[in-house]
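We number each residue from 1, following the sequence as shown.
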Amino acid sequence: MQRDSMEYDVVIVGGGPAGLAAAIRLKQLAAAAQQEIGVCVLEKGSEIGAHILSGAVMDPIAMNELFPDWKERDAPLNTPVMQDKFLFLTETGATGVPNFMLPQCFRNHGNYVVSLANVCRWLGSQAEALGVEIYPGFAAAEVLYADDGSVRGVATGDMGVGRDGSHLDNYAPGMELLGKYTLFAEGCRGQLGRQLEAKFHLHDGADPQTYGIGLKELWEVKPEHHQPGLVVHTAGWPLDRSTYGGSFMYHMEDNLVAIGFVVGLAYSNPYLSPFEEFQRYKTHPAIRAYLEGGKRLAYGARALTAGGLQSLPKLVFPGGCLIGDNAGFLNASRIKGSHAAIKSGMLAAEAAYAAVKVGRQADELDDYPSAFRASWLFDELHKARNFKPWMSKGLYTGTLMVGIDQIVFGGRAPWTLHHQHADNECLRPAAECEPIIYPKPDGVLTFDRLSSVFISNTNHTENQPVHLTLKDATVPIAINLARYDAPEQRYCPAGVYEIVRNDDGSNPRLQINAQNCVHCKTCDIKDPTQNIVWVAPEGGGGPNYPNM
């Protein structure tokens, strides 16, 4: 069956903050000039916001630029930050850092505790009111190229394909969405963004990208434990001093608390489980006091880019560009990326609009990276550029050097540190590492993976092809199990990967429970041989996050 096609001025892949901000800005510019511009947004989730997961404390700086009247428009930035706490944890103790000693990056006065999923739902409504065409439930599965090699759009995945590749009764071929420019806003480790980086050598000259995995739960806590606008960050226990990571706890409105844990994916011990570290963290006396008597409402996980300025790829290529976390605009030192995503989307939109207005198409939007370098976003990321490299030196050395970098030099030290290794290169053989024994979940404060996936509302159509693909089916046993004791069983936060054996313990094999996948992309990042490749499943599948 032949694909149908639709043509637009600008096609945007991804309905997160970057993609929606880009779509809105394009329409705003066209309206101001009393012109028309055709813009569509493809979103693989079942609805806008379904796959959005972030802490989140939002800096409104970019929102102020996109919608100066966002308060009058009832944007869901409802809870201003009222208090910051930063704690260094030991197994039983907690030492607070006085606010006057905190670097500026850890101060949140003027920011808001939000559900980023709900912010995106609001942005989606604003975009549609401006005339943006949004297609939720359609995953962009393929980049389309013109004869000269430039990007001409994307194709959505076919629907109704069986696990064996056959066409089922409900089969429908994908659609082609063609544009003069295509903006890729897929979020961290985007499937198509990876392909574009390879084809156009966008990462040449940049440091390896580094990542973290963020795990989050939403709790309804007892009123006496709730402090609207309280922001708590921690470092230290349960991670060892050489492993980068930390936690967040953000008090929202209506007795809701967002609590989560981030582990840098450059960790070396294959026995480490980010999910279990998160569960263990909640048992700390300084943390459990907020949660006891409460109820867990939702769970999710998502990888995030953390390399900063040194790891940014070239942003543009013939016919399109990368925006948001697809490029890596998150500021790891502030644990914030939504304002950066919005700003990058606006900058790309302004460059695309200027090009379309004068009849250009399919060339490189050089005004976008130029505008980025002249923006407050570049300045912010430049000040933060040494944060992650210093923290990779260990908790104590990293904390000291970040303090010097941020407080003494104000982020303007006369040196730039670099990332030396990709995260998948950092695992040590299991024989060289100490196994980590994690306590069993109690079902009240701590939980197992499967009950957690259940409340993420994750679902995939039955009998579709497995979207967690292997380049070589022998590698999971011959290399991953033999050398690293199958770390995919532990770094996956959703119980997707499982080593199963015969009753007598023989014939180990990897079982992929793809229906559990929450689309976090951690396997695509951390697999030591880069044998696992995440590809988009049928549109509409995956988690359906409420208020996350």
Next item on the list: Taking the side chain as every heavy atom from C-beta outward, state whether L312 and F329 have any atom pair closer than 4.5 Å.
Entry: yes
Next item on the list: May I ask you to check whether Y491 and T522 show a side-chain donor-acceptor distance below 3.5 Å?
Entry: no
Margin query: I'd like to know if the side chain of Q209 and the backbone of G307 have a donor-acceptor N/O pair within less than 3.5 Å.
Written below: yes
Next item on the list: Taking salt bridge (charged side-chain N to carboxylate O under 4.0 Å, His left out) as the test, write out the residues that go with E432, two or more places apart.
Entry: R428
Notebook entry, point to check: Hey, is the main chain of Y299 close enough, under 3.5 Å, to the side chain of K216 for a donor-acceptor pair?
Noted result: no
Notebook entry, point to check: Which residues pass the ring pair (Phe, Tyr, Trp, His ring centres under 6.0 Å) test with F106, sequence neighbours left out?
Noted result: F86
Next item on the list: Report the residues that fulfil salt bridge (charged side-chain N to carboxylate O under 4.0 Å, His left out) with R373, sequence neighbours left out, ordered by chain and then residue number.
Entry: none
Next item on the list: Check whether any side-chain N or O of Q530 sits under 3.5 Å from a backbone N or O of D527 as a donor-acceptor pair, and report yes or no.
Entry: yes
Note to self: Under the criterion side chain to side chain contact (heavy atoms under 4.5 Å, CB included), I'd like the reasoning laid out for T79 against Y250: C-alpha separation, chi angles, the key distance, then a yes or no.
What the structure shows: CA-CA 10 Å; T79 308; Y250 304 149; over 6 Å; no
Note to self: Suppose we screen for side chain to side chain donor-acceptor pair (under 3.5 Å). Which residues come up paired with Y368, at least two apart in sequence or across chains?
What the structure shows: none
Check: When you measure from the side chain of N331 to the backbone N and O of L381, does any donor-acceptor pair fall under 3.5 Å?
Finding: no
Next item on the list: Under the side chain to side chain donor-acceptor pair (under 3.5 Å) rule, collect the residues that match up with S392, sequence neighbours excluded.
Entry: none
Notebook entry, point to check: Between R385 and S333, does any side-chain donor sit less than 3.5 Å from a side-chain acceptor?
Noted result: no
Checklist line | Contacts of type ring pair (Phe, Tyr, Trp, His ring centres under 6.0 Å), residue Y211, not counting sequence neighbours | finding: none
Check: Of all residues at least two apart in sequence or in a different chain, which pass the ring pair (Phe, Tyr, Trp, His ring centres under 6.0 Å) check with F447?
Finding: none
Notebook entry, point to check: Does P270 offer a backbone N or O that forms a donor-acceptor pair with the side chain of R490 under 3.5 Å?
Noted result: yes
Notebook entry, point to check: If you measure only the distance, is there a donor-acceptor pair under 3.5 Å linking the side chains of H203 and E197?
Noted result: yes
Item checked: Check: G45 main-chain N/O paired with E43 side-chain donor or acceptor under 3.5 Å -> yes
Notebook entry, point to check: Does a side chain donor of either D325 or T305 reach within less than 3.5 Å of an acceptor in the other side chain?
Noted result: yes
Notebook entry, point to check: ring pair (Phe, Tyr, Trp, His ring centres under 6.0 Å) with H519: which residues, sequence neighbours excluded?
Noted result: H51, H460, H467, W534
Next item on the list: State, with a plain yes or no, whether a side-chain heavy atom of Y281 is found less than 4.5 Å away from one of E277.
Entry: no
Check: Do S370 and D367 have a side chain donor and acceptor closer than 3.5 Å?
Finding: no
With a cut-off of 3.5 Å and sequence neighbours excluded, list every side-chain donor-acceptor pair involving residues 89-102.
from : atom 1 : to  : atom 2 : distance (Å)
T90  : OG1    : G93 : N      : 2.9
T90  : OG1    : G93 : O      : 3.4

Check: Under the side chain to side chain donor-acceptor pair (under 3.5 Å) test, which residues partner N424, sequence neighbours left out?
Finding: none
Check: Any sub-3.5 Å donor-acceptor pair from D442's side-chain atoms to L445's backbone N or O?
Finding: yes
In a table with atom names and distances, give each donor-acceptor pair under 3.5 Å that connects a side chain of residues 397-407 to protein atoms at least two apart or in another chain.
from : atom 1 : to   : atom 2 : distance (Å)
T399 : OG1    : L395 : O      : 2.5
D405 : OD2    : N386 : ND2    : 3.1
Q406 : NE2    : K383 : O      : 2.9

Item checked: salt bridge (Lys or Arg N to Asp or Glu O under 4.0 Å), paired with D59, selected from R334, K343, R107, K336 -> R334
Checklist line | Between T529 and N531, a side-chain donor and acceptor under 3.5 Å | finding: no
Notebook entry, point to check: For the side chain of T283 and the backbone of R280, is there at least one donor-acceptor N/O pair under 3.5 Å apart?
Noted result: yes
Next item on the list: Using only heavy-atom distances, determine whether the side chains of E434 and N269 contain a donor-acceptor pair under 3.5 Å.
Entry: no
Margin query: If you define the side chain from C-beta out and look only at heavy atoms, does anything of S247 sit under 4.5 Å from V262?
Written below: no
Notebook entry, point to check: Does E217 have any side chain to side chain donor-acceptor pair (under 3.5 Å) partners at least two apart in sequence or in another chain, and if so, which?
Noted result: W219, Q279, K282, R296
Check: Would you say the side-chain atoms of Y497 and Q511 include a donor-acceptor pair closer than 3.5 Å?
Finding: no
Check: Hey, does the side chain of R189 reach the backbone of D524 with a donor-acceptor pair shorter than 3.5 angstrom?
Finding: yes
